[in-house]
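Report on the following structure.
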Amino acid sequence: MTAEYQVHGDVAVITLNNPPVNGLGFATRVGITDGLGKANADAVVKSIIITGAGKAFSGGADIKEFGSPKALQEPNLLSVILAVENSAKPVVAAMHSVCMGGGLELALGCHYRIAAPGCSVALPEVKLGLIPGAGGTQRLPRVLGAEVAMNMMVSGEPIKSDMLAMLPGQKLFDKMAKSPDTLTEEALAFAKSVADARPLPLVRNLPCKHPLGDAYFQFARNMVTGMSKNFPAPVKNVDIVEIATQKKFDEGMAAEREIFIALMQTPESKALRHIFVADRAASKIPDVPADTPQRAINSVAIIGAGTMGGGISMNFLNAGIPVKMLEMKQEALDRGIATIRKNYESQVTKGKLKQDKYEQRMSQLTTTLNYDDLKDADMVIEAVFEEMGVKEKVFKELDRVMKPGAILASNTSTLDVNKIASFTKRPQDVVGMHFFSPANVMKLLEVVRGEKTAKDVLATVMGVAKKIKKTAVVSGVCDGFIGNRMVEQYGRQGGFLLDEGCTPAQVDKAIEKFGFAMGPFRMGDLAGNDIGWAIRKRRVVEKPDMIYSKTADLLCEMGRFGQKTGAGWYDYVAGKRDAIPNADVVKMIEAHRKAKGITPRKVSDEEIVQRLVYSLVNEAARILEEGIASKASDIDMVYLMGYGFPIYRGGPMNYADQVGLFNVVQSMKRFALNPLDDAKFWAPAPLLAKLAAEGKTFN
Ligand code: NAI
């Protein structure tokens with residue numbers, strides 16, 4: 001049962017009970033209409049309360065029904081709200097904690113509303129590329145005014161009930177309860193007080209106007225359009241509020257329906273809904289049940305105070321978890337601490353961090369040169385040089401000193417986590433935690449599951465990731481894990497495109513127009529071209545038959561390592577990040593073509609985008625097939641959170657699904673015929689070929 005029915009004296013109480021946030025799924029909707037039916041048929045009952053059990057009034061739609069026909073199955077939310085409006089006895093919404101989306105629309109359909117202070121109120125549909133679809137667009141402006149309602153709908157952000165209650169003339173709340181604890185009691189008294197009120201007030205009957213009319217909405221539209229390029233929904237939220245001020249309620253409802261249905265079909269909304277579900281799915285590991293016990297992590301040790309060690313430490317300090325950093329030399333510790341201080345101080349200067357918070361965080365940071373000082377830490381994360389020999393020394397020391405049950409994590413970006421685990425007598429406690437640089441900023445965390453990593457270690461690390469506000473995705477052990485393994489193929493395609501006739505700027509511009517935050521060459525300059533160079537030197541030994549463009553090696557031979565040397569694929573002016581094309585680099589590429597006997601050709605932007613994106617897709621299909629990633633949506637999250645893939649395209653797998661896997665495979669077959677490309681690579685991964693042949697999708 002997902003809605004409970006009880007009668008207290010002459011008041012019926014319908015309590016939504018569908019944890020965690022009382023989502024308005026089918027069974028809950030039936031519960032509400034059943035309750036209304038019973039209450040109206042019971043002569044003893046004079047008024048009705050709708051409220052929510054636990055941590056919410058209602059968070060809105062039930063994500064389990066997302067996009068499925070069940071969401072529309074009668075009674076759908078519109079019908080439920082109509083039943084509430086049509087109740088012969090007054091219906092009071094008693095709102096607390098969370099009242100969002102469909103939950104707020106339901107409350108707006110009630111005759112009266114009483115709210116507890118501290119209740120988060122929102123219509124967040126814009127975040128899924130939509131407008132509210134159950135009357136919220138027409139009712140919220142009637143109770144809060146067009147301007148406030150429009151701001152709430154365009155931003156999707158929650159506002160506390162106490163703040164809304166202070167708005168002059170607001171009609172959202174008929175009464176504010178003194179506290180969440182007294183809400184039930186006050187709602188009962190309020191329901192009794194309105195038992196005989198007739199006619200029953202309906203939000204739909206309230207007037208809705210904006211004093212400036214057209215001019216105001218035109219202004220709002222211009223602002224919102226400028227701020228939300230690539231996303232159609234925000235401006236539609238402006239339009240529908242304007243309609244509320246111009247048309248009759250029922251006409252507004254018809255317009256809401258029409259726009260809602262049209263937005264549901266847009267690739268942008270599909271992408272945003274996919275990400276919403278993918279984000280929640282990422283923390284679920286198929287063979288690790290949700291109730292797997294987690295180890296307590298109340299203190300963390302970090303080995304290495306370099307670029308990554310410092311950033312990783314900040315994540316834990318920000319979350320209030322004490323950190324002890326270990327280095328080989330005091331100078332290295334001093335440098336590491338100074339960098340952390342500088343980072344925090346810049347946040348203080350920008351007003352993003354309060355001075356006392358900064359001091360509090362720094363007070364939780366201690367340092368040592370002695371492994372024995374780490375023995376009490378619940379978790380240790382190693383971020384030393386990327387060399388197996390160094391990792392071996394470190395993990396042998398950790399195995400010696402760490403208490404039993406401590407989690408031993410490595411931030412390695414390329415090395416074999418199984419091998420690292422084998423340096424200890426407790427491989428079950430060893431796991432990879434691959435942060436991205438800058439580690440205190442980037443949202444992505446690849447959690448690398450070794451062959452022997454214990455399930456409770458994985459569950460704990462996923463829990464820790466949440467505490468430090470990272471999007472964690474589990475990857476199996478392979479070279480590059482999910483993200484870097486894919487990016488290597490993407491980079492290789494970038495190189496082939498140069499060989500064939502493109503300039504770095506042309507490639508970057510094409511993929512940036514597609515929506516990437518940065519093209520492959522600007523990205524190389526940011527990360528340091530020498531890193532890829534080192535990897536390729538290793539690769540040519542491991543895979544002597546690997547084909548790749550030598551242009552990147554030639555660039556490094558010119559000493560152009562990227563932003564850090566002021567010159568890479570582009571030139572950089574100190575203190576600025578603008579990429580300025582460089583004539584010598586273009587000459588180097590031309591000379592390389594000549595030496596290889598290549599006649600350059602004009603490559604279309606469309607081909608550039610397809611080759612770069614499909615190289616990701618094909619490698620991802622192999623990653624999926626090998627079980628390195630457990631679901632396609634995890635790969636999307638890696639690319640969205642760690643590699644600047646455009647949000648409104650929902651990640652490489654979602655994008656491929658939308659293009660159609662058959663079409664993707666056809667393009668790959670065409671690329672395989674290009675003598676300057678890698679035909680072997682473009683053979684579609686078996687999983688991709690199979691899905692395409694069956695007309696299926698990844699997700
Ligand atoms: P870094 O060179 O900035 O820092 C490494 C630090 O480790 C240095 O301060 C060094 O003194 C210290 N160190 C070396 N050996 C040590 C030992 N035996 N005991 C204690 N401290 C020791 O290197 P970075 O960039 O921070 O990389 C560290 C690790 O993180 C590497 O495994 C790297 O592959 C990985 N990583 C790096 C990323 C990046 O973008 N820089 C991204 C993700 C992972």
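Treat the numbers as computed from the prediction; the structure is a model and nothing was measured. Just so you know, ligand 1 is whichever comes first in the structure, and atom 1 is the first atom listed for that ligand.
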query = Do the side-chain N and O atoms of Thr551 and Ser549 include a donor-acceptor pair separated by under 3.5 angstrom?
reply = yes
query = Side-chain donor-acceptor pair under 3.5 Å between Gln493 and Ser615, yes or no?
reply = no
query = What residue and heavy atom of the protein are closest to atom 36 (N) of ligand 1, and at what distance?
reply = Asn411 ND2, 3.5 Å
request  = Check the side chains of Tyr358 and Gln347 for a donor-acceptor pair under 3.5 angstrom, ignoring hydrogens and angles.
outcome  = no
query = Does Lys403 NZ have over 12 foreign heavy atoms under 6.0 Å away?
reply = yes
request  = Just need the protein heavy atom nearest to atom 24 (P) of ligand 1, so name the residue and atom and give the distance.
outcome  = Met308 CG, 3.8 Å
request  = Just jot down the ligand 1 atoms closer than 4.0 angstrom to any heavy atom of Val394, in number order.
outcome  = 18 (N)
task = Pull out every atom of ligand 1 sitting under 4.0 Å from any heavy atom of Thr412, numbered as shown with elements.
result = 32 (O)
note = Atoms of ligand 1 under 4.0 Å from any heavy atom of Ile303, numbered from 1 in the order shown, are 20 (C)
message = Looking only at protein heavy atoms, which one is nearest to atom 8 (C) of ligand 1, and what is the separation?
response = Glu327 OE2, 3.3 Å
Less than 3.5 Å apart, which donor and acceptor atoms pair up between the side chains of residues 309-331 and the rest of the protein, not counting sequence neighbours?
residue, atom, partner, partner atom, Å
Ser313, OG, Gly309, O, 2.8
Asn315, OD1, Lys470, NZ, 3.3
Asn315, ND2, Gly311, O, 3.4
Asn315, ND2, Ala439, O, 2.9
Asn318, OD1, Tyr344, OH, 2.5
Asn318, OD1, Arg361, NH1, 3.1
Asn318, ND2, Met314, O, 3.2
Glu327, OE2, Ala305, N, 2.6
Gln330, NE2, Asp334, OD1, 2.9

task = Consider only side-chain N and O atoms of Gln428 and Thr453, and report whether a donor and an acceptor are under 3.5 Å apart.
result = no
message = Could you tell me, atom by atom, which parts of ligand 1 come under 4.0 Å of a heavy atom of Thr307?
response = 3 (O), 25 (O), 26 (O)
Numbered atoms and elements of ligand 1 in range of His434, under 4.0 angstrom, heavy atoms = 43 (C), 44 (C)
note = A student checking ligand 1 against Gly306 at a 4.0 Å heavy-atom cut-off should list atoms 3 (O), 4 (O), 6 (C), 9 (O), 26 (O)
message = Can you confirm whether some protein heavy atom lies under 4.0 Å from atom 18 (N) of ligand 1, or whether none does?
response = yes
query = Measuring from the heavy atoms of Lys391, does anything fall under 4.0 Å of ligand 1?
reply = yes
task = Applying salt bridge (Lys or Arg N to Asp or Glu O under 4.0 Å), name anything that partners Lys396, two or more places apart in sequence or on another chain.
result = Glu392
query = Within a radius of less than 6.0 Å around NZ of Lys419, do more than 12 heavy atoms belonging to other residues, nucleotides or ligands occur?
reply = no
message = Please list the nearest protein heavy atom to atom 7 (O) of ligand 1 with its residue and the distance rounded to 0.1 Å.
response = Val384 CA, 3.4 Å
Side-chain heavy-atom pair Asp636, Ile275 within 4.5 angstrom cut-off = no
task = Show which atoms of ligand 1 fall inside a sub-4.0 Å distance from at least one heavy-atom site of Phe385.
result = 2 (O), 5 (C), 8 (C), 10 (C), 14 (C), 15 (N)
